[in-house]
Peer 1: 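First the structure, which I've put down as structure tokens, then a few questions once you've had a look.
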Amino acid sequence: MNQDNKTRTYMFIGIPGSGKSNVLFKFLRQKILEKRRHDNGKMTEPPCEVLSFNDFNICAGEMCRKICRMMSVPCKTEISKAPEDYSYRADKTYFVDTSGNLGEQKSVYDFFSKSVFAAKCFLVIPAVIDLQILSVILEQYSFLKDFQVVLTFCDFANDERMKQISEFFESRKIRIEARNTSGIIDESLEFL
């Protein structure tokens, strides 16, 4: 791979059903809108591509392809391929959707953690999850060296719950990057 450190990669990792794909597409939509605003509404070739390694749910690849088509963004969803089977370009930004399988997530994380990808990793966590279960999940994801949290399903958590989960992460010196509702993709992520 002939790439330099300008390559940007955003990885979305989390337990099955946590909202990884929803967050990825909301984040992607915001990045596309930012790019269009910056370029006065013009965009010739999409500066990004979605890579879906999400084979945990049989419909995940098809859903990913459809949403990418609506956004006019290239998408690769060949679930039998490993990250090293793709070719990468230094002038593209990659949005990586991972499987719900912990072992496969670790493999994808290890691959994209190489400095050539300049990757940013988001651990997607439902705001309504039990804190004891969350402790176990964080132990399972101890292989993540540098990550930020995106809380999902925030519309199902009351203020007291949001305070509890915020304090939980603060006590572990883990940054909450954004909050997401369970809503549709054209709604925005709330960055903190």
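Positions are given from 1 along the sequence.
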Peer 1: Would Ile137 end up clustered with Phe153 when hydrophobic side chains under 4.5 Å apart are linked, directly or stepwise?
Peer 2: no

Peer 1: If you draw a 6.0 Å radius around CG in Asn158, do more than 12 non-hydrogen atoms from other residues or ligands fall strictly inside?
Peer 2: yes

Peer 1: Kindly give the heavy-atom pair with the smallest separation between Arg172 and Ser135, and that separation in Å.
Peer 2: NH2-OG, 3.7 Å

Peer 1: Test your reading of the model: is there a side-chain donor-acceptor pair from Gln148 to the backbone of Cys121, 3.5 Å cut-off?
Peer 2: no

Peer 1: Any idea how Tyr10 and Phe122 line up, ring-wise: parallel (<30°), tilted (30 to 60°), or perpendicular (>60°)?
Peer 2: parallel

Peer 1: Indicate yes or no: at least one non-hydrogen side-chain atom of Leu151 is less than 4.5 angstrom from one of Pro126.
Peer 2: no

Peer 1: Kindly check if the number of other-residue, nucleotide or ligand heavy atoms within 6.0 Å of CG (Asp130) is above 12?
Peer 2: yes

Peer 1: Say whether, by atom type as modelled, one donor and one acceptor occur between the side chain of Asp155 and the main chain of Ser182 under 3.5 angstrom.
Peer 2: yes

Peer 1: Under 4.5 Å between any side-chain heavy atoms of Thr152 and Asn22, yes or no?
Peer 2: no

Peer 1: Under a 4.0 Å N-O cut-off, is there an ion pair linking Glu177 with Arg175?
Peer 2: yes

Peer 1: What is the distance from atom CD1 of Ile165 to atom CZ of Arg179, rounded to the nearest 0.5 Å?
Peer 2: 10.0 Å

Peer 1: Donor-acceptor pair, distance only, cut-off 3.5 Å: does the side chain of Tyr94 make one with the backbone of Met11?
Peer 2: no

Peer 1: Kindly indicate whether the side chain of Val150, heavy atoms from C-beta on, has any atom under 4.5 Å from the side chain of Phe191.
Peer 2: no

Peer 1: Check for me, please, whether Phe169 and Leu144 land in the same ILVMFWY cluster - side-chain distances under 4.5 Å, paths through other members count.
Peer 2: yes

Peer 1: If you take all heavy atoms of Cys64 and Phe25, which pair is closest and at what distance?
Peer 2: SG-CZ, 3.7 Å

Peer 1: Of all the heavy-atom pairs spanning Gly14 and Thr98, show the shortest one and how long it is.
Peer 2: N-OG1, 4.5 Å

Peer 1: Nearest heavy-atom pair of Cys48 and Leu28: which atoms, and what distance?
Peer 2: SG-CD1, 3.5 Å

Peer 1: Under 4.5 Å between any side-chain heavy atoms of Tyr88 and Glu49, yes or no?
Peer 2: no

Peer 1: Can you tell if the side chain of Tyr141 reaches within under 4.5 Å of the side chain of Leu102, non-hydrogen atoms only?
Peer 2: yes

Peer 1: Any side-chain donor paired with an acceptor under 3.5 Å for Ser21 and Asp97?
Peer 2: yes

Peer 1: Please check this pair: side chain of Lys20 against backbone of Phe12, looking for a donor-acceptor N/O pair closer than 3.5 Å.
Peer 2: no

Peer 1: Minimum heavy-atom separation for Ala157 to Met162, with atom names?
Peer 2: CB-SD, 3.6 Å

Peer 1: With a 4.0 Å cut-off, would you call Glu62 and Arg65 a salt bridge?
Peer 2: yes

Peer 1: Is it the case that the ring center of Phe53 lies less than 6.0 angstrom away from the ring center of Tyr109?
Peer 2: no

Peer 1: With a 4.5 Å cut-off on side-chain heavy-atom distances among I, L, V, M, F, W and Y, is there a chain of contacts connecting Val128 to Ile125?
Peer 2: no

Peer 1: Is the CD atom of Gln132 crowded by more than 12 outside heavy atoms at less than 6.0 Å?
Peer 2: no

Peer 1: Which distance, rounded to the nearest 0.5 Å, do you find between the OG of Ser166 and the CG of Asp159?
Peer 2: 10.5 Å

Peer 1: Report the C-alpha distance between Ile176 and Phe168 in whole Å, list the side-chain angles of each, state the deciding distance to 0.1 Å, and finish with yes or no for side-chain contact (heavy atoms from CB on, under 4.5 Å).
Peer 2: CA-CA 11 Å; Ile176 299 174; Phe168 175 91; over 6 Å; no

Peer 1: With rounding to the nearest 0.5 Å, note down the distance linking NZ in Lys92 to OG1 in Thr9.
Peer 2: 12.5 Å

Peer 1: If the condition is ring-ring contact (aromatic ring centres under 6.0 Å, His included), which residues does Phe156 pass it with, not counting sequence neighbours?
Peer 2: none

Peer 1: Salt bridge or not between Lys106 and Asp110? Use side-chain N to carboxylate O under 4.0 Å.
Peer 2: yes

Peer 1: What's the separation between atom CD1 in Ile13 and atom CD in Glu104, rounded to the nearest 0.5 Å?
Peer 2: 12.0 Å

Peer 1: Is Asp85 reaching over with its side chain to a backbone N or O of Ala82, donor-acceptor style, under 3.5 angstrom?
Peer 2: yes

Peer 1: Ignoring hydrogens and angles, state whether a donor on the side chain of Asn54 or Ser99 is under 3.5 Å from an acceptor on the partner side chain.
Peer 2: no

Peer 1: Rounded to the nearest 0.5 Å, what's the gap from SG on Cys75 to CD1 on Ile67? Could you check?
Peer 2: 9.5 Å

Peer 1: Taking C-beta and beyond as the side chain, do Lys31 and Thr93 meet within less than 4.5 Å on heavy atoms?
Peer 2: no

Peer 1: Under 6.0 Å from the six-membered ring centre of Phe27 and within 45° of its axis: does the NZ or CZ of Arg29 meet both?
Peer 2: no

Peer 1: Find the distance between CZ (Phe147) and CG (Leu138) and round it off to the nearest 0.5 Å.
Peer 2: 6.0 Å

